[in-house]
Novice: 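Below is the structure I would like to discuss, written out as structure tokens.
Every heavy atom of this structure was used, including side-chain atoms; hydrogens, water molecules and symmetry mates were not. Predicted model, so just to flag it, every value in this text is computed and none were measured.
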Amino acid sequence: QVNYLGFPGTMGADCIDYIIADRFVIPEAAQVHYSEAVVCLPDTFQANDSQRAIAARASTRAEAGLPAHAFVFCSFNSQYKVTPGMFDIWMRLLRQCEGSVLWLLGGNAAIEGNLQREARARGVDPARLVFAPRLRYAEHLARYPLADLFLDTLPFNAGTTASDALWAGLPVLTCPGEAFAARMAGSVLQALGLPELIAPSLAAYESMAVALSADAALLEGLRRKLAEHRTRYPAFDTDRFRRHLEAAYEQMWERHQRGEAPAGFAVRQSNASP
């Protein structure tokens, strides 16, 4: 039995033999904390669909309730991932970046009210929080480019939300922690050849966000690099991922056929990286 995608961490159960990971999301030194045997894929643990459709017509900033010329920080992570510490950082960013706004997922009046109250308590006009309504998936992807920078959360990173933003062309700034769930966005960024968007600490995360909000040329360079890497690097190469995952399952089965106990291993990459 294999733990994959459903729960981003160890199950702590003897009946689960393996966990699918990569060397970033579960570093070698952390493997001792997993009850499962760790199987490392060569690029990223995360499967991505290279044929995800993005709606042809994107909404405008005005239609999305965003100011036309302000810097838009975005975090479409589930609201339960927003801790007081992360919110402190985000509010400091809004205070430092004049006129900027923070674009968040909406749809729950109680959550929206709580966040507006907490913004006011931190000296930020609650109107600078903009809440996005739920949309169909293709339309949701199409609105990502309206933002300037995606801000990840810690200790629970963006997973599919990070890959959605990157697929749609929006740079994602993350800070990895120690647990699997705290390293997911960094795994995807590594597989996209964008390690410069992985901050080594929350202090660095904050300073990098300030720098990117103040340097349009730097941010535009990252957008161009992301656009170039999206089709060239492994993160969104579905068939390459499929080959690696199948190879992992085959090696597990071969061990079982030989009567051997589960043991961790690394899958060899099927072709050279770019």
Novice: In the single-linkage hydrophobic clustering (I, L, V, M, F, W, Y; side-chain heavy atoms under 4.5 Å), do V39 and M184 co-cluster?
Specialist: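 Yes: a chain of side-chain contacts under 4.5 Å links V39 to M184.
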Novice: Report the C-alpha separation of R95 and V124 in whole Å, then their side-chain angles, then the decisive distance to 0.1 Å, and conclude whether the side-chain contact (heavy atoms from CB on, under 4.5 Å) test is met.
Specialist: CA-CA 7 Å; R95 293 199 301 267; V124 174; 3.7 Å; yes
Novice: So do the side chains of Q79 and L105 get within less than 4.5 Å of each other, counting heavy atoms only?
Specialist: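 Yes. Closest side-chain heavy atoms under 4.5 Å.
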Novice: Is it possible for you to say whether L5 and V38 belong to one hydrophobic cluster, with membership spreading through side-chain heavy-atom contacts below 4.5 Å?
Specialist: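 Yes, one cluster joins them.
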Novice: How long is the span from the CD1 atom in I16 to the CZ atom in F7, to the nearest 0.5 Å?
Specialist: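 It comes to 11.5 Å.
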Novice: State yes or no: do L154 and I26 share one hydrophobic cluster built from I, L, V, M, F, W and Y residues joined by side-chain heavy-atom distances below 4.5 Å, directly or via other members?
Specialist: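 As far as the 4.5 Å side-chain criterion goes, I26 and L154 are not connected within one cluster.
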Novice: For D164 and R52: C-alpha separation, side-chain torsions, deciding distance, then whether side-chain contact (heavy atoms from CB on, under 4.5 Å) applies.
Specialist: CA-CA 9 Å; D164 282 347; R52 271 179 289 186; 2.9 Å; yes
Novice: Heavy-atom count check: over 12 atoms from other residues, nucleotides or ligands less than 6.0 Å from Q257 CD?
Specialist: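 Check passes, neighbour count above 12.
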Novice: Side chains of L194 and E196: closer than 4.5 Å at any heavy-atom pair?
Specialist: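 Of all side-chain heavy-atom pairs linking E196 with L194, at least one is under 4.5 Å.
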Novice: If we only count heavy atoms from C-beta on, is the M252 to D17 side-chain gap below 4.5 Å?
Specialist: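 When only atoms from C-beta onward are counted, D17 and M252 do not touch, as no gap falls below 4.5 Å.
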Novice: From D148 CG over to C74 SG, what is the distance, rounded to the nearest 0.5 angstrom?
Specialist: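 One gets 10.0 Å once the value is rounded to the nearest 0.5 Å.
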Novice: Would you say CZ of R268 has more than 12 non-hydrogen atoms from neighbouring residues, nucleotides or ligands within 6.0 angstrom?
Specialist: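 Atom CZ in R268 is not packed in, count stays at 12 or less.
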Novice: Quick one: CE on M86 to CG on N77, what's the gap to the nearest 0.5 Å?
Specialist: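 So the CE of M86 and the CG of N77 are separated by 9.0 Å.
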Novice: Can you confirm whether E139 is buried at CD, in the sense that more than 12 heavy atoms of other residues, nucleotides or ligands lie under 6.0 Å from that atom?
Specialist: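 For E139, atom CD is crowded (more than 12 foreign heavy atoms under 6.0 Å).
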Novice: Please name all residues satisfying side chain to side chain contact (heavy atoms under 4.5 Å, CB included) with S100, sequence neighbours left out, ordered by chain then number.
Specialist: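 Partners of S100 under the side chain to side chain contact (heavy atoms under 4.5 Å, CB included) test: F71, F73, L94, C97, R128.
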Novice: Passes side-chain contact (heavy atoms from CB on, under 4.5 Å), I20 versus N3? Steps please.
Specialist: CA-CA 7 Å; I20 299 292; N3 174 7; over 6 Å; no
Novice: Is L135 linked to V72 within one hydrophobic cluster, defined over Ile, Leu, Val, Met, Phe, Trp and Tyr using a side-chain heavy-atom separation of less than 4.5 Å?
Specialist: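 Looking at the clustering, V72 is in a separate group from L135.
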Novice: Does one side chain, of Q46 or N48, offer a donor that lies under 3.5 Å from an acceptor on the other?
Specialist: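 N48 and Q46 do have a side-chain donor-acceptor pair below 3.5 Å.
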Novice: What distance separates L66 CG from R143 CZ, expressed to the nearest 0.5 Å?
Specialist: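 If I round to the nearest 0.5 Å, the distance is 9.5 Å.
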Novice: Which is it for R57 and E63 under the salt bridge (charged side-chain N to carboxylate O under 4.0 Å, His left out) test, yes or no, and what are the steps along the way?
Specialist: CA-CA 12 Å; R57 184 195 177 277; E63 291 170 335; 2.7 Å; yes
Novice: Measure from the ring center of F45 to the ring center of F180 and say whether it is less than 6.0 Å.
Specialist: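 Yes.
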Novice: For F76 and W103, I'd like to know if the aromatic rings sit close, meaning centre-to-centre distance below 6.0 Å.
Specialist: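 Judged by ring-centre distance (under 6.0 Å), F76 and W103 do meet the cut-off.
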Novice: For a side-chain contact (heavy atoms from CB on, under 4.5 Å) check, start with the C-alpha distance between H244 and C40, then their side-chain angles and the critical distance, and finish with the verdict.
Specialist: CA-CA 10 Å; H244 292 152; C40 288; over 6 Å; no
Novice: So F236 and W167, would you call those rings parallel, tilted or perpendicular, with 30° and 60° as cut-offs?
Specialist: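 Perpendicular, since the angle between the ring planes exceeds 60°.
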Novice: Find the distance between CZ (R255) and CZ (F265) and round it off to the nearest 0.5 Å.
Specialist: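 It comes to 8.0 Å.
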Novice: Dump the intermediate steps for salt bridge (charged side-chain N to carboxylate O under 4.0 Å, His left out) on R92 and D88, then the final yes or no.
Specialist: CA-CA 6 Å; R92 287 198 295 269; D88 286 342; 5.1 Å; no
Novice: Under 4.5 Å between any side-chain heavy atoms of E228 and Y233, yes or no?
Specialist: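 They are not in contact (no side-chain heavy atoms under 4.5 Å apart), so the answer is no.
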Novice: Kindly say whether A158 contributes a backbone atom to a donor-acceptor pair with the side chain of T161 at under 3.5 angstrom?
Specialist: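 Looks like no, no N/O pair under 3.5 Å.
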Novice: Side chains of Q190 and T44: any donor to acceptor distance under 3.5 Å?
Specialist: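 No.
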